[in-house]
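Structure first, then comments.
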Amino acid sequence: MLQALEGEIGREQVSAANDKIACLSALERKVLWLSTWMIHNANHLRPNRDGLKVGGHQASSASVATLMTALYFDVLRPQDRVAVKPHASPVFHAVQYLLGHQTREKLERFRALGGAQSYPSRTKDGETVDFSTGSVGLGVGMTLFTSIAQDYLRLKHLVPTEDAPGRMIALAGDAELDEGNIFEALLEGWKHDVRNLWWVIDYNRQSLDAVVSDRLFGRIDAMFEMMGWRVVTLKYGRLLEAAFARPDGHHLREWIDACPNSLYSALVYKGGEGWREHLHRDLNRYPGIRAILDDHDDAALQRLMTNLAGHDLEAVLDAFHGVVDDRPTCFIAYTIKGYGLPFAGHKDNHAGLMNRDQMASFQRSMGVPKGAEWDLFAGLDIRRERLSAFLEGVPLAGCGPRWRDALRVAVPPSLPMARGARLSTQEAFGRILGDIAGTDTELAQRIVTTSPDVTVSTNLGPWVNRRGIFDRAERADTFREEKVVSAQRWAMSPQGQHIELGIAESNLFLQLAAFGLAGPLFGTRLLPIGTLYDPFIKRGLDALNYACYQEARFILVATPSGITLAPEGGAHQSIGEPLVGLTQPGLVGFEPAFADELAALLRWAFEEIQRESGESVYFRLSTRPIEQPGRTFSSHLEKAIIAGAYWLREPADQAELAIAYCGAVAPEALAAHGELAEDIPGAGLLAITSPDRLHRDWRAALVKGEISIVERLLSRLRPGAALVTVGDFHPATLSWLGAVAGNPIVPLGVDRFGQSGDIPDLYQAYRIDADAILDAAARACLLALPDPHASTPGGRISFSPSTSER
Ligand SMILES: Cc1ncc(C[n+]2csc(CCOP(=O)(O)OP(=O)(O)O)c2C)c(N)n1
Ligand SMILES: [Mg+2]
């Protein structure tokens, strides 16, 4: 009786498992069909107005159809997060469509305005996307840093910890592993003992241009194991394993193992006949192999020889479900690029599109009737109701929105001002943050800082001393325990609020991206601040762009900057970075000159990064101590500083000239302005705190037909008055000011670099010192249009050029 019952239960389990496999196989087929059709529709059936290829990657998509089916319809739990290789976007959209999270309209408009995006995009596709991808390698790295963010939140109990942590999963193309950021991330992950991380490598041995080097898997394997990862290799599917088990079958295995990637790919493309010819030539002496060849017609032989585990649903499911601990795991899944499609294995298939005839025969083979191309169930040998019921039970189907709401972190009405007669903005930053660290506010609790080995030299020291370094484990500060005197106290613990990174700026930006998405990903906001040297923004520029594209919110503090770095300069001088601030969507750039400006702006930044339509904020700071204005701070002034500019020295009504300066050159601008007092008594001195905000406001106002802030400021000058702009950056940062009201302009700035020296020498050499400003003022006045209202004809004013020209 008991035995019979057990038998009954066993049979039920088997039948449930079979049912699941049947449903998943049907979905796998559908995913392949829909992704292929989506691309075909976009390229061949939609009206084309510009003659450009729409594109989409049918081969890259087919390569991951099985892996994504297994993940999305069975393995993933709501708390798991995935970065999908960019060019598998059609598969991703097809999966979402089947889960009821994507509309047919969007699929029909794949790659069109408002349609499903070419590459999965948080900002454009919305909720279904956990991580945007596009620039290969970055999405993969992003999962690693998100895992650190998850640990950070859980270990501090900033998020509920009853549920198991999510697994951060990257579905990566094998060629993505060529990107340097992967290696940088791997090493950093090892240092931080990263957990709950899966990288699933679609090992199709093809990149965009070519077939990848032979035996690369060995290198990949060793690399991950060296970093403490588990490596799970999914190589052969069940058909091949069964063939290997036959008499002489091991020769077949050895043959495939030794087969160069290009030959394997070429034979995949050629099909059964090609395999037969080669196997016959190489292994005909083995009776068992001859028997295998005899048992398989060409189609069956092609099926057998392409039966890699990455296309074997059950093998894939076993591998994924086999990992139950939190050790980072790399799955090397052998696949075929274009699997199931006519150009499978062809080395040129990356951007290949099936033509109409190929599509028609593929459609027939898929059993999808004409007109039913978008139907969820057409062509599947499974009942609609059964598949619908299965889909309803998929954990990701009914889990509600993927993005979490997170409460705002309160920001106090003002931040402590760094006091002192002479201060640099970098010093002020360190002091303000150090003061916040000493408070017990929510703001202090939610700030998390990070820096790629320049924590001390960017003045994060006072913050770190008070708030400690984050580590999954408690680690003592040995120097302190050994009573070695040091200004830096670096105890490490899960309570720490600074993430110390190795020198890899790309990691910094991915870390900021991950922490800057803590709200939507985990439901608790963090306020990340990353510091680095300004010139090294360029090192991580693509990762910065990636972070902004995902609408991650963070504060970037770049210091020191420009040639003002002076003796330490030379190779470290930054020139074009303010233009990054000006041109990078999702990032607002500021370059304050004074400590009080920075305090107002930082406070604003903590609000801004939490605003629904806010952005991340970039501060370009300096190590140059300059005399502080020692002023009382009105709310009017505060507003102007945040808006981007204010008159530090008001111009007289209808003034002839204004000097507009930004950042650390304030003393030179003030000195030049002082010298001009005699020749042009009413000249104004415009302090610019954000070329970026001014420029945006100007453009927006032009569109709306309103008066911009900068226009209003410049309207204090007479029409056609002269302008000089100056900053320790490329002159293009401010030269556009001449176009606002048609003022003749002489823009000063730096357009070469590489020289160290002290500030007076460098400012003179690069022509941004007071003399240069005076010369520029003289030239600008010569260019200025005559004042129609002037009492003397000509209206030009002149004054002596600077000492350097005298
Ligand atoms: C940083 C970057 N460089 C270049 C590209 C263009 N690109 C897109 S996919 C690809 C090849 C990817 O090959 P692989 O990762 O093996 O994916 P597969 O198509 O084989 O699945 C390249 C070079 C890119 N998207 N990002
Ligand atoms: Mg590849």
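Whatever order the structure lists ligands and atoms in, that order sets their numbers, starting from 1. Heavy-atom basis, side chains included; hydrogens, waters and symmetry copies ignored. Keep in mind the model is a prediction, meaning the values are calculated, not measured.
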Cation over ring face, Arg327 and Trp198, 6.0 Å, 45°: no

Non-hydrogen side-chain atoms of Asp312 and Asn307 separated by less than 4.5 Å: yes

Note, Trp229 side chain near Leu186 side chain (heavy atom, < 4.5 Å): yes

Phe110 versus Gly56, closest heavy-atom pair with distance: CE2-CA, 4.2 Å

Side-chain donor-acceptor contact under 3.5 Å, Thr531 with Ser451: yes

Pair Arg238 + Glu314, salt bridge at N-O below 4.0 Å: yes

Parallel, tilted or perpendicular: ring planes of Trp37 versus Trp33, cut at 30 and 60 degrees: parallel

Check: every ligand 1 N/O to protein N/O pair under 3.5 Å:
{"from": "ligand 1", "atom 1": "15 (O)", "to": "Ala175", "atom 2": "N", "distance (Å)": "3.3"}
{"from": "ligand 1", "atom 1": "15 (O)", "to": "Glu176", "atom 2": "N", "distance (Å)": "3.4"}
{"from": "ligand 1", "atom 1": "16 (O)", "to": "Asp174", "atom 2": "N", "distance (Å)": "3.4"}
{"from": "ligand 1", "atom 1": "16 (O)", "to": "Asp174", "atom 2": "OD1", "distance (Å)": "2.5"}
{"from": "ligand 1", "atom 1": "16 (O)", "to": "Ala175", "atom 2": "N", "distance (Å)": "2.9"}
{"from": "ligand 1", "atom 1": "16 (O)", "to": "Gln206", "atom 2": "O", "distance (Å)": "2.8"}
{"from": "ligand 1", "atom 1": "17 (O)", "to": "His87", "atom 2": "NE2", "distance (Å)": "2.8"}
{"from": "ligand 1", "atom 1": "19 (O)", "to": "Ser60", "atom 2": "OG", "distance (Å)": "2.6"}
{"from": "ligand 1", "atom 1": "19 (O)", "to": "His87", "atom 2": "NE2", "distance (Å)": "2.9"}
{"from": "ligand 1", "atom 1": "19 (O)", "to": "Lys337", "atom 2": "NZ", "distance (Å)": "2.7"}
{"from": "ligand 1", "atom 1": "19 (O)", "to": "His350", "atom 2": "ND1", "distance (Å)": "3.4"}
{"from": "ligand 1", "atom 1": "20 (O)", "to": "Asn204", "atom 2": "OD1", "distance (Å)": "3.1"}
{"from": "ligand 1", "atom 1": "20 (O)", "to": "Asn204", "atom 2": "ND2", "distance (Å)": "3.0"}
{"from": "ligand 1", "atom 1": "20 (O)", "to": "Gln206", "atom 2": "O", "distance (Å)": "2.8"}
{"from": "ligand 1", "atom 1": "20 (O)", "to": "Lys337", "atom 2": "NZ", "distance (Å)": "3.0"}
{"from": "ligand 1", "atom 1": "21 (O)", "to": "Lys85", "atom 2": "NZ", "distance (Å)": "2.3"}
{"from": "ligand 1", "atom 1": "21 (O)", "to": "Asn204", "atom 2": "ND2", "distance (Å)": "3.2"}
{"from": "ligand 1", "atom 1": "25 (N)", "to": "Gly134", "atom 2": "O", "distance (Å)": "2.9"}
{"from": "ligand 1", "atom 1": "26 (N)", "to": "Val136", "atom 2": "N", "distance (Å)": "3.0"}

Metal check, the Mg ion (ligand 2) vs Asn204 N/O/S, cut-off below 2.8 Å: yes

Apex the Mg ion (ligand 2); atoms Asp174 OD1 and Gln206 O; angle rounded to 10 degrees: 110°

